[in-house]
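Counting starts at 1 for both ligands and their atoms, following the listed order. Only this structure's heavy atoms are used, side chains among them; waters, hydrogens and symmetry mates stay out.
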Amino acid sequence: MSHEQFDEGYFGEFGGSFIPPELQEVMNYLSAQFYKYKEDPEFNEELRYYLREYVGRENPLTFAQQITDAWGGAKVYLKREDLNHTGAHKINNVVGQILLAKRMGVKRVIAETGAGQHGVATATACAMFKMECVIYMGSEDMRRQALNVFRMELLGATVVAVDKGQGRLKDAVDEALNDLVQNYQNTFYLLGSAVGPHPFPSMVKHFQSIISEESKRQILEKEGRLPDAVIACVGGGSNAIGAFAHYLDESSVRLIGVEPEQAPTLTEGVPSIIHGFKCLVLLDEQGNPKPTYSIAAGLDYPGIGPEHSHLKVSGRAEYYAVSNEEVLAAFQELSRTEGIIPALESAHAVAYAKKLAPTMGKDQIIIINLSGRGDKDVEQVFHMLKK
Ligand SMILES: *Cc1c(COP(=O)(O)O)cnc(C)c1O
């Protein structure tokens with residue numbers, strides 16, 4: 001597929017759509033439907049209804065007094081995606097895409113999942129909207145996340161084990177794409193992060209932008225001014241792009257993405273094509289996507305959304321990597337000081353904020369996007385701390 005054929009969905013040199021023609025037709029149709037319903041007042045009213053009544057939005061922007069005092073610099077606010085139904089930001093996007101699938105008259109939803117969080121969110125909404133639900137998951141990830149597999153099954157989904165490759169997220173994505181090519185007439189592929197071919201990165205961003213739409217309104221109400229920095233963890237990049245979206249044009253607001261030292265896609269990746277789109281990718285010496293091993297399964301992906309790749313190259317956003325030790329310390333510190341156990345993914349953002357806050361003035365403001373809650377990680381952290 002050449003760059004010229006599909007000029008939609010580019011962020012600088014990144015993004016686009018590098019897929020077989022039969023899949024491109026599916027994407028073109030999806031794109032047309034998304035851009036149509038995105039502007040449809042009835043669709044948007046229905047979306048708002050479910051975000052309010054089912055997801056539990058809007059969620060608070062909590063002033064973290066204890067952690068602000070402990071760090072001794074900028075005022076720290078937490079955007080509480082951890083309080084959403086199913087415990088993370090992923091449900092925002094899932095509800096949006098399922099409502100779109102419903103409008104398109106589709107009854108079968110497929111998805112791939114790594115940590116299991118996106119699978120659980122998808123299975124949850126499929127139960128409520130009476131959709132058949134098939135979740136592809138790497139066999140190694142299924143072992144690491146056995147309880148999430150059980151959750152999905154409880155919710156009525158079929159979980160398909162993928163043994164190919166390393167039995168990880170990347171391999172599950174390949175299988176889900178195969179399914180879509182074969183079953184596109186009755187199947188909606190519900191992608192969980194701001195990755196994949198056009199229109200997914202733009203669509204996922206749209207549905208996750210509710211995060212910064214709310215946080216901007218909330219911080220203006222509470223402080224009468226914009227924050228100086230917004231910090232979010234990046235796996236594929238959906239919570240971060242949602243947390244950044246309404247600040248992209250506010251040049252006074254630093255946008256900071258935080259990734260694991262074991263999966264430093266943005267700090268060390270090179271432009272390449274993965275899963276049908278162009279982005280920064282971690283490659284090994286042979287030029288293949290490099291295996292990543294984050295303690296936070298949700299951040300374990302060798303690629304990154306195309307818009308983040310562009311924000312990095314253009315300099316609008318900054319990206320930093322933190323170590324497992326820093327993440328574990330942040331996980332415990334937020335639990336102890338604020339009584340909020342963060343997801344290990346979100347603890348990456350907290351860990352970087354801990355370094356940044358003391359370098360800032362007491363009149364300055366940081367918003368940390370708390371992408372999810374840590375209940376799912378407590379057992380893992382228990383074992384890591386006991387060692
Ligand atoms: C999945 C997940 C992430 C990483 O995904 P993004 O698309 O980068 O947001 C981060 N935090 C939590 C809690 C997650 O479940």
Gln117: numbered ligand 1 atoms lying under 4.0 Å from its heavy atoms: 15 (O)

Do Glu333 and Val350 have side chains that get closer than 4.5 Å, going by heavy atoms? no

Any side-chain donor paired with an acceptor under 3.5 Å for Tyr247 and Ser215? yes

Would Gly236 count as a polar contact of ligand 1, with the cut-off being nitrogen or oxygen pairs under 3.5 Å? yes

So which of Ala194, Ala343, Ser371, Gly372 gets nearest to atom 11 (N) of ligand 1, if we judge by its closest heavy atom? Ser371

Any nitrogen or oxygen of Asn239, main chain or side chain, under 3.5 Å from a nitrogen or oxygen of ligand 1? yes

Applying the side-chain contact (heavy atoms from CB on, under 4.5 Å) test to Val95, which of Asn84, Val55, Thr124 qualifies? Val55

Show which atoms of ligand 1 fall inside a sub-4.0 Å distance from at least one heavy-atom site of Gly235. 8 (O)

Mutual orientation of the aromatic rings belonging to Tyr10 and Phe18 [parallel < 30°, tilted 30-60°, perpendicular > 60°]: perpendicular

Please identify which atoms of ligand 1 are closer than 4.0 Å to at least one heavy atom of Gly237. 6 (P), 7 (O), 8 (O)

Does some side-chain heavy atom of Met104 sit less than 4.5 Å from a side-chain heavy atom of Leu30? yes

Phe150, CZ atom: more than 12 neighbouring heavy atoms under 6.0 Å: no

Return the orientation label for the Tyr77 and Phe63 ring planes: parallel under 30°, perpendicular over 60°, tilted otherwise. tilted

Enumerate the atoms of ligand 1 whose separation from the nearest heavy atom of Cys233 is less than 4.0 angstrom. 10 (C), 11 (N)

Looking only at protein heavy atoms, what sits closest to atom 6 (P) of ligand 1 is Ser238 N, 3.3 Å

Side chains of Glu175 and Glu112 in contact at under 4.5 Å (non-hydrogen atoms): no

For atom 15 (O) of ligand 1, what's the nearest protein heavy-atom neighbour? Residue, atom name and distance, please. Lys90 NZ, 2.6 Å

Minimum-distance protein heavy atom relative to atom 7 (O) of ligand 1: Ser193 OG, 2.5 Å

Identify, for atom 4 (C) of ligand 1, the protein heavy atom at the shortest distance, and state residue, atom and that distance. Gly298 O, 3.3 Å

Taking only non-hydrogen atoms of His89, do any sit less than 4.0 angstrom from ligand 1? yes

